[in-house]
Protein chains: 2
Amino acid sequence: MAIARPAWRASTCSRSGSRFMSTTRAICRGRKLIRSYKRFAAIAAAVLCSGSAFAQSNADRIIDYELANSRAYETLSHLTDNIGPRLSGSKNAGLAVTWTTKTLRDWGLNAQNQAVMVPHWVRGVEHGSLVSHNDQKIVLTALGGSIATPANGITADVIEVASYDELAKLGRAKIAGKIVFYNRAMDMQMVESGQAFAAYSEAVEFRSTGASHAAEYGAVASVIRSVASASLRTPHTGAMRYDEKQPKIPAAAMTTEDADLVHRLLAKGERVRLHLVLTPKTLPDVESANVIAEIRGSEHPDEVVLIGGHLDSWDLGTGAIDDGAGAVMVMETLRVLKELGIQPKRTIRGVLFMNEENGLRGGHKYFDTAAAREEVHKHIAAIETDAGAAPPVGFITTLEGAALSRMQIRARVLSRIAPIVFTSSKHTGADTSPLTDAGVPGFGLVPDPRHYFDFHHTPADTLDKIDPKALAQNTAALAALAYLIAEDGL
Amino acid sequence: MAIARPAWRASTCSRSGSRFMSTTRAICRGRKLIRSYKRFAAIAAAVLCSGSAFAQSNADRIIDYELANSRAYETLSHLTDNIGPRLSGSKNAGLAVTWTTKTLRDWGLNAQNQAVMVPHWVRGVEHGSLVSHNDQKIVLTALGGSIATPANGITADVIEVASYDELAKLGRAKIAGKIVFYNRAMDMQMVESGQAFAAYSEAVEFRSTGASHAAEYGAVASVIRSVASASLRTPHTGAMRYDEKQPKIPAAAMTTEDADLVHRLLAKGERVRLHLVLTPKTLPDVESANVIAEIRGSEHPDEVVLIGGHLDSWDLGTGAIDDGAGAVMVMETLRVLKELGIQPKRTIRGVLFMNEENGLRGGHKYFDTAAAREEVHKHIAAIETDAGAAPPVGFITTLEGAALSRMQIRARVLSRIAPIVFTSSKHTGADTSPLTDAGVPGFGLVPDPRHYFDFHHTPADTLDKIDPKALAQNTAALAALAYLIAEDGL
């Protein structure tokens with residue numbers, strides 16, 4: 001469901017009705033009149049569009065409080081260590097809904113559940129071995145959503161490709177009856193230069209749609225190289241989806257080591273035959289929920305700054321970086337505002353989304369509900385945190401140009417936490433993408449991304465990967481930004 | 001079987017009968033006469049004990065040839081990629097014996113098999129889950145030699161200790177019926193400062209003997225923290241042994257992440273109950289073999305410089321660093337000498353030992369055979385390479401004091417490969433320990449050890465961890481040192 005970009009989106013100055021911000025708005029609107037005084041105007045805009053001193057002072061308090069009194073790690077410890085993995089539809093995902101709801105209520109917040117039906121995919125046995133090479137083990141994991149192999153597995157020759165073009169060139173004659181092996185590594189130069197998410201986007205294509213592309217040419221299964229920036233024989237799972245026009249075939253990811261092994265054997269000209277057993281099941285959908293709690297706005301309670309992370313995780317690890325950390329930052333932001341008694345003019349609404357990983361049902365449910373209530377345009381910003389908890393380096397945002405520059409200035413108080421940089425991006429988060437697609441300004445917290453894909457979607461996504469200090473810094477950045485926007489508008 | 005240190009061990013100068021070395025020996029023996037000319041003596045000894053120019057020149061050729069024409073990586077690729085894991089008694093270990101024997105013979109070497117009976121332990125199912133915490137998975141692996149749990153597993157409370165003292169203090173009242181969790185981390189400061197093997201020795205105690213210590217107090221199983229310097233939820237296996245006086249209980253290693261999890265839960269005061277299923281089997285011993293080939297000495301063929309690595313590996317990975325690399329360095333040394341037509345005065349004997357990992361049967365067989373033939377004292381040096389293939393940094397050696405200093409000078413040609421440093425150590429290798437215990441001077445190749453225990457005994461010990469250039473550098477260092485000692489004596 002798409003909604004036209006609302007008219008108010010055009011204004012990048014505050015829409016606040018406060019005295020101070022009225023002055024700001026007047027200056028902003030009056031720019032044409034003083035075009036010859038560009039330097040003056042720039043300074044004036046910088047100072048006056050940068051938000052109220054009151055807001056800056058409260059943002060200071062929020063940052064100080066979180067950095068000194070964070071309970072984020074303690075909360076995350078329960079979510080990951082005590083509850084454990086939280087794949088949608090699982091018992092643990094249900095426990096996570098119950099526990100976070102109760103915890104928010106214990107903190108004095110009005111937590112509610114927004115019911116949503118979610119898929120219930122359950123991993124089974126997963127086994128790979130090279131029957132052509134002394135049955136040596138291939139470490140692999142089923143991709144989320146994959147169908148099962150027959151109980152006794154599939155045994156077939158492996159054929160390697162690095163692109164859909166290669167696949168098409170090989171065609172049905174070469175592909176039919178085989179297991180297609182998609183071998184595209186992450187671009188490590190991009191990863192190391194901080195463009196890890198861009199490198200991920202490039203490499204993840206085969207995980208999502210590789211099985212159906214291979215099936216189009218008669219393949220009996222597909223196995224990708226894990227989308228990984230590090231590996232100790234570590235498989236990375238993730239969602240795949242079938243093209244309903246093609247036969248469904250099982251889909252797995254092998255570790256980068258196993259991908260390298262198969263590649264080397266094929267490069268020697270050897271025939272490589274893989275025995276693959278996967279026994280996942282897709283059970284009937286399960287009712288689950290987004291968990292929603294908010295600090296109501298004092299002047300414009302119907303205007304909402306949404307902050308969101310997701311409660312569900314993959315099943316291999318305990319979802320500390322993806323996205324226990326994000327969910328906890330959202331909870332902690334609400335706790336800090338509540339404890340400090342800070343009530344911004346607009347509502348800050350925390351949403352712990354369900355089913356980001358394999359369906360985005362929670363994100364769609366939230367949006368559809370808001371749309372049905374004609375409340376989408378009441379969202380003045382959607383801030384998502386779903387990128388781990390390494391030390392914060394900035395936010396991506398749908399804001400551009402002058403609006404982006406003003407945001408950087410308005411959020412200068414965040415530089416007390418870390419050198420926070422705002423960067424334009426069309427995509428600022430998955431759960432909030434229905435909102436941002438509808439024109440709601442989006443923000444995405446960016447912790448240092450260089451090691452995120454070392455752990456992402458693996459058994460190694462566990463609490464020990466979280467630095468409590470960095471988690472608090474991220475929370476402080478999220479909380480302060482949400483507050484600044486809720487207080488002074490966007 | 002222990003043999004008294006032979007008298008010849010006392011001399012650190014060469015025992016060669018060559019003209020040049022006779023002069024050297026005369027100078028060495030004449031030192032007392034020129035004690036007042038210490039400086040002169042030191043220089044003379046440095047120059048003249050440092051070996052013949054002929055030997056240095058051939059060592060140059062060996063180094064140049066290996067660095068330019070190494071086939072070590074290609075050989076290792078077959079051993080690891082094509083044959084795969086090589087646990088003693090397995091089909092693959094047998095294939096490794098056959099293939100290396102054939103390969104050495106194809107290279108024109110007189111490879112022989114020295115039969116040895118080896119244990120045949122086979123890993124089965126391994127499963128751990130916290131029944132106290134939503135059945136979340138504990139990633140663990142059976143220790144080599146462990147007995148099985150009952151088929152439906154053991155479920156028991158976990159009790160954590162960091163030392164045998166703690167265990168004793170808790171005593172039977174607290175330990176009986178429980179699973180003992182030994183939680184001692186590697187000292188990462190030691191690892192990072194290059195003392196990784198010392199850190200390993202400190203931490204590995206519980207792996208070897210922890211089960212029987214725990215059983216003494218009535219424990220039903222023991223689980224150690226993996227002895228690891230890195231982890232992505234990566235279990236490290238390794239040998240354990242039972243004290244025949246105690247009941248046998250199953251023994252496993254969990255990943256450092258899982259160890260941290262259990263530690264955190266216990267530290268919160270929570271009851272932690274682990275369900276553990278291990279189904280390994282110890283089958284009857286299997287006949288296997290050490291693979292032995294040599295370059296016969298031209299003047300003293302009965303005097304032997306042994307170079308050795310081990311053919312067997314753990315079953316989780318393909319044993320690239322432990323010790324496919326070492327075995328291949330030994331093979332490659334023989335190949336290079338053969339191809340160059342270099343025949344030193346003494347014999348260089350390459351031994352690919354079987355069963356270093358879980359029995360040392362090959363090392364003992366070799367020694368016992370030599371002892372029965374009264375040939376132990378004919379071994380003038382035993383050089384072992386079983387520490388991976390990161391860039392070489394030196395050798396450990398049983399030589400000390402002036403002999404150590406002279407070795408450093410004699411082997412100066414190795415500095416063309418890397419800054420090779422000789423360091424004294426009582427233990428220079430496991431397979432050669434029966435020889436060095438009997439007084440044979442020992443050497444152990446030392447590649448940079450700082451990342452060795454990232455991969456050691458894990459599924460991640462695979463060929464991609466090997467840098468072909470560093471493998472060739474290690475081989476060049478091994479080959480040149482073996483040649484220098486075989487040519488000029490020790």
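Here is the naming used below: chain letters follow the sequence lines, and residue numbers restart at 1 for every chain.
- Looking at B:D260 and B:H263, their side chains never bring a donor and an acceptor atom within 3.5 Å of each other.
- The part of A:L95 that comes within reach of chain B is its side chain, from C-beta onward, which places non-hydrogen atoms under 4.5 angstrom from that chain.
- Contact annotation for B:S132: neither backbone nor side-chain heavy atoms come within less than 4.5 Å of a heavy atom of chain A.
- When heavy atoms are compared at a cutoff of 4.5 Å, B:N92 approaches chain A solely by way of its side chain, counted from C-beta outward.
- Proximity to chain A is limited to the side chain of B:T462, based on heavy atoms less than 4.5 angstrom apart.
- In this structure, a donor-acceptor pair under 3.5 Å is present between the side chains of B:R123 and B:T141.
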Go through the steps to decide whether B:H456 and B:Y200 satisfy the test ring-ring contact (aromatic ring centres under 6.0 Å, His included), and finish with yes or no. CA-CA 10 Å; B:H456 177 252; B:Y200 174 72; 4.9 Å; yes
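- A:S77 and B:K268 are linked by a side-chain donor-acceptor pair at a separation below 3.5 angstrom, with hydrogens and angles left out of the test.
- Between A:K469 and A:D467, no side-chain nitrogen of the basic residue sits less than 4.0 Å from a carboxylate oxygen of the acidic one, so the salt-bridge criterion is not met.
- Both the backbone and the side chain of B:D81 come within contact range of chain A, each with at least one heavy atom under 4.5 Å from a heavy atom of that chain.
- Looking at B:S231, the atoms closer than 4.5 Å to chain A (heavy atoms on both sides) all sit in the backbone: N, CA, C or O.
- In this structure, the portions of A:N82 lying under 4.5 Å from any heavy atom of chain B include both its backbone and its side chain.
- B:K91 touches chain A through its side chain: at least one heavy atom from C-beta onward sits under 4.5 Å away, while N, CA, C and O do not.
- Classification of the B:H78-B:W99 ring pair by plane angle, with boundaries at 30° and 60°, yields parallel.
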